[in-house]
Every structure is written in C-alpha cells, then in structure tokens.
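The structure appears below as structure tokens.
Because the structure is predicted, anything quoted here is derived from the model rather than measured.
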Protein chains: 2
Amino acid sequence: MSLLVPIREDFPSASAPEREESGLRGSRKQRTRDALLEAALRLMREGRSFTGLSLREVTREAGVVPTAFYRHFHGMDELGLALVEGGGVTLRRLLREARRSDVQFTDMIRGSVQIYKRYVEDNRLQFLFVAGERAGGSPLIREAIRREVTHFTNEMAQDLRGLNALPGRSTATLQMICGLVVNCMLNAAIDILDLPPDQPEQEHELVENFVRQLRVVFLGARQWKEKP
Amino acid sequence: MSLLVPIREDFPSASAPEREESGLRGSRKQRTRDALLEAALRLMREGRSFTGLSLREVTREAGVVPTAFYRHFHGMDELGLALVEGGGVTLRRLLREARRSDVQFTDMIRGSVQIYKRYVEDNRLQFLFVAGERAGGSPLIREAIRREVTHFTNEMAQDLRGLNALPGRSTATLQMICGLVVNCMLNAAIDILDLPPDQPEQEHELVENFVRQLRVVFLGARQWKEKP
DNA sequence: ACAGAAAGTCAACACTTGTACACTGAATTA
DNA sequence: TAATTCAGTGTACAAGTGTTGACTTTCTGT
C-alpha cells in the first residue's frame, strides 16, 4: 500500500472532497482538482469519448505533471465518477431553473423544449459526457450515470405532480412517463450537440420533431388509465 | 454454433471488398476478416467500449499478427464502420422476423417486447456495440450508426403503415412516432444487457416498464391529430 | 519558530501502442 | 511449369502509457 496516494477503499465512489477544505492550501487543491475535471471535459469537445482519454493527456491539458493527478483521484475511473456527479448537479439545476421560469400554459411543451435546448448548449460538455458515457462508458460510470438519471427522473415526476398536469396518476406512473421524457431529452441532447452550426433549417426540424414526440407522450399520458 | 451473429451474412458495405472474392484465397481472407470483426465484438463483452479497444488487442484476440490487420482495414475506424453495418443488418433482420411472426392483436405490444428482448439477448454483442457507440463513439461511427438507425426507423414506419395500426397518419408522422419507439428500444437494450443474471424480479419490472412506456406512446399516437 | 503535512515536480521504470519494411509460402494466373 | 500475386509473419522503432519513489516548496498547527 502506497503512502503517497491516500487510498479510500471503503468509499470507492467517493468523488467529491468529503469536507469543504478551506484555507489557502485547500482552495489551491480545489483549483487544480477543478482544472483536471475541466481538462477532461474540454478534451471531449472534439468528438473524443471519455473512455478514450489518458491520464497523462488530462494532466497535460490541465497544466500539471502526471503524478499530481494521484493527489486527487485514484485513476481515471474516479475522475469519471466526479464528472458524473457534476453532470447530476447540472441536470438538477435544469429542473430548478425550469421550475422557476413558468412557461405559459398554452404551449408549455414548446417552451420547455426551447429552454432545454438552450440549457444543453450552455452546458455542452456536461451533456456530452453524460449522454456519451451513459451507454458507452465503463460499467462503473454507466452505473453512476444511471443512478443520476433515475434521480433526475424521479424529481421530475415530483414536479409534474406539483404542476397537477396529470391528476390522479400514481407516483409509479408519473415516474414511468418521466422516464420516457428523459429518454427523449437525452437523445435530443446528442442530436443538439451534433448539430452542424449555421443550419437553421435542420435545427428547426430537430426542435419540431422533439416537440412532436413530447406531445405524443403527453397525449398518451393523459389517456393512460391506472390499472383497475 | 457461435453465440455470435454470423456477421459475414452479407456486407454490401463500402468498406467490404467490392467484388465477391471467391476462390480458396478469397474465402480465407473473408474468414480472418470475420475473425477480426468478431474479436472486436467479443472484447466488448465485459463492459469495454469499442473506442477503448486497440488495434493490437483485436488482432491478438483474433489470433493474427498486428500487421495482418492492414490487409483488411486501414485502421480501427474502418473496422468500426464494418461493425456498424453488421449492426444495421441485425436491426433489419429483427424487422423481418417480427414481420413474419404475427403476434396476436390482443396484446401486440407485450408480444413484441418479448420478441425484442429475446432478440437483444441473442444478439448481445451487436446491440452492445450499436447502443454503446451511438452516442459515445467517434464522430464517424456515430454518424454511421445514426444513418442505420434512421433507416431502421423508416422501415419500421413503413411496416406500421402496412399493419394499418394507425390509419390516416402521414408518413412523416409515422416516422416521428417510430423514432420515439426506436429510442425506447435502444434504451431498453442497454438495460436488458446490463441486467444482472438470475434476478427475475428486476427483469420482469424492466419488461413491464418497457411495455407501459410503449403503451403510452401508442396511446398518444392514436390521439395524434395531423396538423390542420 | 519549528516540525510536519501535503500539493506539486522530476526522473525513471516496464509496458503497450500504431505502423513501416522486408520476408515467406501458398494460391492463382500465364 | 514458371511467374506473379498477396494474406499473413517477424522484426524493429519511436512515441505514448500508468505508476513508482525520492525530491522540493509552501502552507498549517502547535
């Protein structure tokens, strides 16, 4: 067992520092930790997948020597888990913002889609990571993402209940429907991110298709009858 | 009999040899080409993504020397494209088989889901590859998969029209709905493949959720009114 | 003020990687 | 039969990889 690298075997999913490290040294550590995370995301910008990144690449991009990496993570997997957590935060922030901005009831779906599209574009790298590694990443990371997405879905179901948009549905039903919606969202995220720039025609078609699909889902949800 | 789908079934690909190489030498070449493709798929079995595979690993698994690789593909990207094509073939065969076996009309959705689940399990590796690289792979491969999935979706829409399940809908509408369904399918594929063995409870819940989601979609599709 | 903790650096290691080149030997063609 | 083609081999190399241990320097608690 190495003395250099603090191994936390009992907490393999530990990604964030347990306590807010404050003080001059602590904030410095935070800073390079963030630099590593951001470096990894940045490297994925041009179509690279997280799995294809090397530890050295990340440290190079972060402007740090390879061995410094181990002061923050055991390896790339742990970095990945930290990124998942960031992605989860981003997803939940989306819900918070959507909750605050009340789209008008007449065209709620289109309004939400537009908010969502904007949000995805503003958080390109996070969505790139989450959507990309959701199916492709290592089992560990996939599992973590699945958890975050489930969490997001359930929170969304709760919001839907709060809006009273689908009265009388059981929680399980709302979660099932939100699962469908979240699927659409993450799938659309990929399409949005792959969109070639300056192609308003294609962009518009994508948005419209997304809107139509959500309409179908909610049309179906309204028709849904709970089991007798 | 291999668990693997016989990939060599037909390869009308740009990356496949243009002329049917026949003769003793040609068929031998085909054989190691297939060995390379299958080796790549096999390596993805334990949660590795295609992007994370190295050329040498694939040749090692295939039982040939690294340099032999270049007799068949320029690089891993081209191998990937060949795999995408194999995946496309598998998807379309699913439609062919579904077309042939007429599930009873009373519970068409559940019947189809069961057929689908079985099919995914029988073609594990192909679905692993397609679902995994759909969002995570290199841009080239992602694009190729997108094309295959679109093709699959459109063919499905055509079948739906043939069944007359949603009379009066425009082709565009049917494609939009099938896009939704295909999304659900590929998402479910990931879940099916990640299913831990000997957990019939979890397995059943997954299937039921999938069924319910498709019901919602078709319920919505039936309610859908074409634009005025 | 001083001992110790700890973030980051440096140099080195044992591997793996993609690819180039010359080769062998069997299948094909002339 | 002789010449040619070509799938697959063997060797080699430069470059990149994860991880190691010993180090410097800078902050922190006593």
Rounded distance in Å - [atom1] ([X]) to [atom2] ([N]):
X: B/Phe73; N: C/dT19; atom1: CZ; atom2: C1'; value: 17 Å
X: B/His72; N: D/dA7; atom1: NE2; atom2: P; value: 7 Å
X: A/Arg71; N: D/dT19; atom1: CZ; atom2: P; value: 15 Å
X: B/Leu53; N: D/dT17; atom1: CG; atom2: C1'; value: 17 Å
X: A/Leu55; N: C/dT16; atom1: CG; atom2: C1'; value: 15 Å
X: B/Asp77; N: C/dT19; atom1: CG; atom2: P; value: 11 Å
X: A/Arg28; N: D/dT28; atom1: CZ; atom2: P; value: 11 Å
X: B/Gln30; N: D/dG8; atom1: CD; atom2: C1'; value: 16 Å

Taking the side chain of [X] as its heavy atoms from C-beta onward, which of [options] lies nearest to it?
X: A/Tyr70; options: C/dT19, C/dG8, D/dG18; result: D/dG18
X: B/Lys29; options: D/dT19, D/dA7, C/dG8; result: D/dA7
X: A/Arg56; options: D/dG18, C/dG18, C/dG8; result: D/dG18

Item checked: Donor + acceptor pair across side chains of A/Gln175, A/Thr153 (<3.5 Å) -> no
Next item on the list: Pick base, sugar-phosphate or nothing for B/Val64, based on heavy-atom distances below 4.0 Å to the nucleic acid.
Entry: sugar-phosphate
Notebook entry, point to check: With sugar-phosphate meaning primed atoms plus P, OP1 and OP2, does A/Phe69 contact a base, only sugar-phosphate, or nothing at under 4.0 Å between heavy atoms?
Noted result: nothing
Notebook entry, point to check: Given that A/Glu57 and B/Ala68 both sit by DNA chain D, which one's nearest nucleotide is further toward the 5' end?
Noted result: B/Ala68
Check: Checking side chain to side chain contact (heavy atoms under 4.5 Å, CB included) for the pair B/His72/B/Lys29: CA distance, chi angles, key distance, verdict?
Finding: CA-CA 8 Å; B/His72 303 276; B/Lys29 180 170 185 180; 3.4 Å; yes
Residue-phosphate contact under 4.0 Å: [X] side-chain N/O, [N] OP1/OP2:
X: B/Arg60; N: C/dT17; value: yes
X: A/His74; N: D/dG18; value: no
X: A/Thr67; N: D/dT19; value: no
X: A/Ser54; N: D/dT17; value: yes

Taking [X] for the side chain and [Y] for the main chain, is one N or O donor matched with an acceptor at less than 3.5 Å?
X: B/Glu133; Y: B/Phe50; value: yes
X: B/Gln213; Y: A/Met176; value: yes
X: B/Asn187; Y: B/Asn183; value: no

Notebook entry, point to check: Under a 4.0 Å heavy-atom cut-off, which of residues 41-48 of chain A touch DNA chain C?
Noted result: none
Next item on the list: Apply side chain to side chain contact (heavy atoms under 4.5 Å, CB included) to the pair A/Asp191 and A/Phe210, showing each step before the final yes or no.
Entry: CA-CA 10 Å; A/Asp191 293 342; A/Phe210 189 16; over 6 Å; no
Notebook entry, point to check: Is any NZ, NE, NH1 or NH2 atom of the basic residue among B/Glu205 and B/Arg212 found under 4.0 Å from an Asp or Glu carboxylate oxygen of the other?
Noted result: yes
